Student: 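Here it is: the structure, laid out below.
Read the numbers this way: they start at 1 and go in the same order the structure lists the ligands and their atoms. Nothing here was measured: the structure is a model prediction, and the numbers come from that model.
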Amino acid sequence: MSDQYQPQPEHKFTFGLWTVGNPGGDAFGEDVRPQLSPADLVYLLGEVGAYGVNFHDNDLIPINATPAERASILKAFKQALAATGLKAPMATTNLFADPVFKDGAFTSNDARVRAYALHKTMHAIDLGAELGAEVYVFWGGREGIEVDAAKDPVAGIRYFRDALNFLCEYVKDQGYNLKFALEAKPNEPRGDLFFPTTGAYLGFINTLQYPEMVGVNPEVAHEHMAGLNFMHAVAQAWEAGKLFHIDLNDQNYARFDQDWRFGAQNLKQAFFLVKFLEDVGYAGSRHFDAHAFRTEDYEGVKDFARGCMRTYLILKEKAARFAADAEIQGLLAEIHADDGSMDAFKGAYTAAKAAALKAHTFDRIGLGARGLQYEKLDQLVNELLLGVR
Ligand code: GLT
Ligand code: MN
Ligand code: MN
């Protein structure tokens, strides 16, 4: 292995406790790996070279832990962070596993469940802040329906807004340095989830009381489940100043949420995603929200984690090659060439400009007849990715 692909802290590669700690059980079969403690998972992540570890409140502290159990788990976890130098840059709340949330948390029809969800989240925010988290993720795993008759979707949106406004005030009140990142998913585990795509959240954020505190956490697999171009969702979030976090993984379109190793399935999409993040200078965590195949033991889990980071770094190097490739850049220069003949029509509207543009005669046939050389360009990209240029 060449050193160039070794993860370094500045790459900001992070994993959730629930990712490398996933014991491999699924809807059809039992766990295949023993459950490791949070501290042991930190040591595993230290061994493979990750920068940080993220967690749900209950990944770290079981929901029914006694105060003494809580204290001892926390002590061991903090010792592991100190020993490995790992950071805990993101935290989140488990608002989906316990039966109390079977019909939603912030958007439950039951006011007692909605209040409990706020109570649980404030405690989880305290835990995240104590461990140094600066991003707090909201994935509404149970915020949705199987039965449309049961819920008013507009009420769901209002409840969710009320909860976020309340929690933004809570964070300000405590003086925490914490931003919120909303994570969309179209379905699973509910039949339909509210806010199914990153774009839906981008529209919603501006209706909040403190929109500057709230961004998004797009996940590859979730946009792929909806059949969307993930890089485009990320680009829109970036352009809006809302890309606070990102969940990297992989899977094919039209599947359930498989959460595979980054780059395991769609290398070309992964390439354009890495290229985008690196080109714009995204400075946040590169969080791998994925887990090892069920076929693996803990050596395989390390292979999985190393593979996520190594693929990212290889694709980052490919992006640099793309930028330095004279033939690709020459083609791009031709494709984007501007002969200046339309300069008079550019920029802000004026009545005179509109009149001149309306009066202009265009060579419509000639413009439509040009070949754009995208076949050549795409083949060059393929050859670059296949390692022959
Ligand atoms: C869960 C989900 C992920 C979310 C996590 C954060 S938990 O594994 O599938 O996409 O990011 O709550
Ligand atoms: Mn997922
Ligand atoms: Mn995720």
Side-chain angles (χ1 to χ4, degrees), residues 13-27 38 41 52-61 63 88-98 101 104-106 117 120-121 124-125 127-128 133 135-144 160 163-164 167 180-190 193-198 201 215-228 230 233-234 237 243-266 270 273 284-294 304 308:
F13 290 139
T14 65
F15 291 83
L17 284 180
W18 71 94
T19 67
V20 282
N22 183 304
D26 64 20
L41 291 167
V53 59
N54 305 318
F55 58 89
H56 297 86
D57 51 353
N58 304 135
D59 299 338
L60 191 54
I61 316 286
I63 196 164
M90 179 271 261
T92 182
T93 329
N94 188 323
L95 294 173
F96 44 89
D98 194 90
F101 299 125
F106 300 137
K120 190 173 193 285
T121 303
I125 286 176
L127 180 65
V135 175
Y136 201 86
V137 163
F138 290 81
W139 173 63
R142 299 282 174 190
E143 314 290 14
F160 201 76
L164 286 179
L167 293 167
F180 291 172
L182 311 182
E183 178 176 348
K185 189 175 180 183
N187 58 277
E188 197 203 19
R190 299 309 299 265
L193 290 168
F194 295 144
F195 305 106
T197 62
T198 297
Y201 271 137
V216 291
N217 177 38
E219 173 173 318
V220 179
H222 297 180
E223 304 290 320
H224 281 194
M225 288 169 75
L228 300 177
F230 181 67
V234 169
L243 189 64
F244 289 5
H245 201 262
I246 192 164
D247 276 4
L248 301 173
N249 56 21
D250 206 4
Q251 71 173 67
N252 245 337
Y253 291 84
R255 307 286 168 100
F256 66 96
D257 189 23
Q258 292 175 303
D259 292 336
W260 284 354
R261 189 181 76 257
F262 183 58
Q265 190 73 47
N266 297 294
L273 175 63
S285 291
R286 275 90 173 144
H287 174 234
F288 297 105
D289 187 10
H291 49 76
F293 300 136
R294 195 164 179 271
F304 146 82
C308 286

Student: For the Mn ion (ligand 3), find the closest N/O/S atom on Asp247 and give its atom name.
Tutor: OD2
Student: Would you name the N/O/S atom of Glu219 that lies closest to the Mn ion (ligand 2)?
Tutor: OE2
Student: In Asp259, the N, O or S atom nearest to the Mn ion (ligand 2) is which?
Tutor: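 Relative to the Mn ion (ligand 2), the closest nitrogen, oxygen or sulfur of Asp259 carries the name OD1.
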Student: Please work out which of the three classes, parallel, tilted or perpendicular, describes the rings of Phe230 and His224, given edges at 30° and 60°.
Tutor: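 Because their plane-to-plane angle is over 60°, the rings of His224 and Phe230 count as perpendicular.
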Student: What heavy-atom pair brings Leu167 and Phe106 nearest, and what distance separates the two atoms?
Tutor: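 Smallest heavy-atom distance, with atoms named: CD1-CZ, 3.8 Å.
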Student: Looking only at the aromatic ring of each residue, does the gap between the centers of Phe293 and Trp260 stay below 6.0 angstrom?
Tutor: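 When the ring centroids of Trp260 and Phe293 are compared, they turn out to be within the sub-6.0 Å range.
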Student: How close does the nearest protein non-hydrogen atom get to atom 1 (C) of ligand 1, and which residue and atom is it?
Tutor: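 The closest one turns out to be Trp139 CZ3, 3.7 Å.
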Student: Taking all non-hydrogen atoms of both residues into account, name the closest pair between Ser285 and His245 and its distance.
Tutor: CB-NE2, 3.9 Å
Student: Let me see the working for Phe195 and Phe160 under ring-ring contact (aromatic ring centres under 6.0 Å, His included), right down to the final yes or no.
Tutor: CA-CA 10 Å; Phe195 305 106; Phe160 201 76; 5.3 Å; yes
Student: With heavy-atom distances below 4.0 Å as the criterion, list the atoms of ligand 1 near His56.
Tutor: 5 (C), 6 (C), 7 (S), 12 (O)
Student: Hey, is ligand 1 close enough to Glu219 that some N/O pair sits below 3.5 Å?
Tutor: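 Min N/O separation from ligand 1 is below 3.5 Å for Glu219.
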Student: Between Asp59 and Asn94, is any side-chain donor less than 3.5 angstrom from a side-chain acceptor?
Tutor: no
Student: Consider only side-chain N and O atoms of Asn249 and Asp259, and report whether a donor and an acceptor are under 3.5 Å apart.
Tutor: yes
Student: Could you tell me which atoms of ligand 1, counted from 1 in the order shown, lie closer than 4.0 angstrom to a heavy atom of His222?
Tutor: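 In order of numbering, the contacting atoms are 10 (O).
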Student: Could you pull out the atom name of the N/O/S atom in His222 that is nearest the Mn ion (ligand 2)?
Tutor: NE2
Student: Rounded at 0.5 Å granularity, tell me how far CD in Glu223 sits from OG1 in Thr197.
Tutor: 6.0 Å
Student: Does any N, O or S atom of Asp289, backbone or side chain, fall under 2.8 Å from the Mn ion (ligand 3)?
Tutor: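 Here the distance criterion (N, O or S atom, under 2.8 Å) is met by Asp289, so yes.
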Student: Need the ligand 1 atom indices (1-based, order shown) with element for anything under 4.0 Å from a heavy-atom of Asp247.
Tutor: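 Atoms satisfying the 4.0 Å criterion: 11 (O).
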Student: Drop me the distance from Trp139's CH2 to His56's NE2, to the nearest 0.5 angstrom.
Tutor: 7.0 Å
Student: Please list, in number order, the atoms of ligand 1 under 4.0 Å from a heavy atom of Asp257.
Tutor: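 Those atoms are 9 (O).
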Student: At what distance, to the nearest 0.5 angstrom, does CZ of Phe15 lie from NE2 of His287?
Tutor: 8.0 Å
Student: Among all protein heavy atoms in this structure, tell me which lies nearest to atom 3 (C) of ligand 1, with the distance rounded to 0.1 Å.
Tutor: Asp289 OD2, 2.9 Å
Student: Can you tell me which N/O/S atom of Glu183 has the shortest distance to the Mn ion (ligand 3)?
Tutor: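 Considering only N, O and S atoms, Glu183 comes nearest to the Mn ion (ligand 3) through OE2.
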Student: Is the closest N or O pair between Thr93 and ligand 1 shorter than 3.5 Å?
Tutor: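 Among all N and O atoms of Thr93, none is under 3.5 Å from an N or O of ligand 1.
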Student: Considering only heavy atoms of Glu183, which atoms of ligand 1 have at least one such atom less than 4.0 Å away?
Tutor: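 In order of numbering, the contacting atoms are 3 (C), 4 (C), 10 (O), 11 (O).
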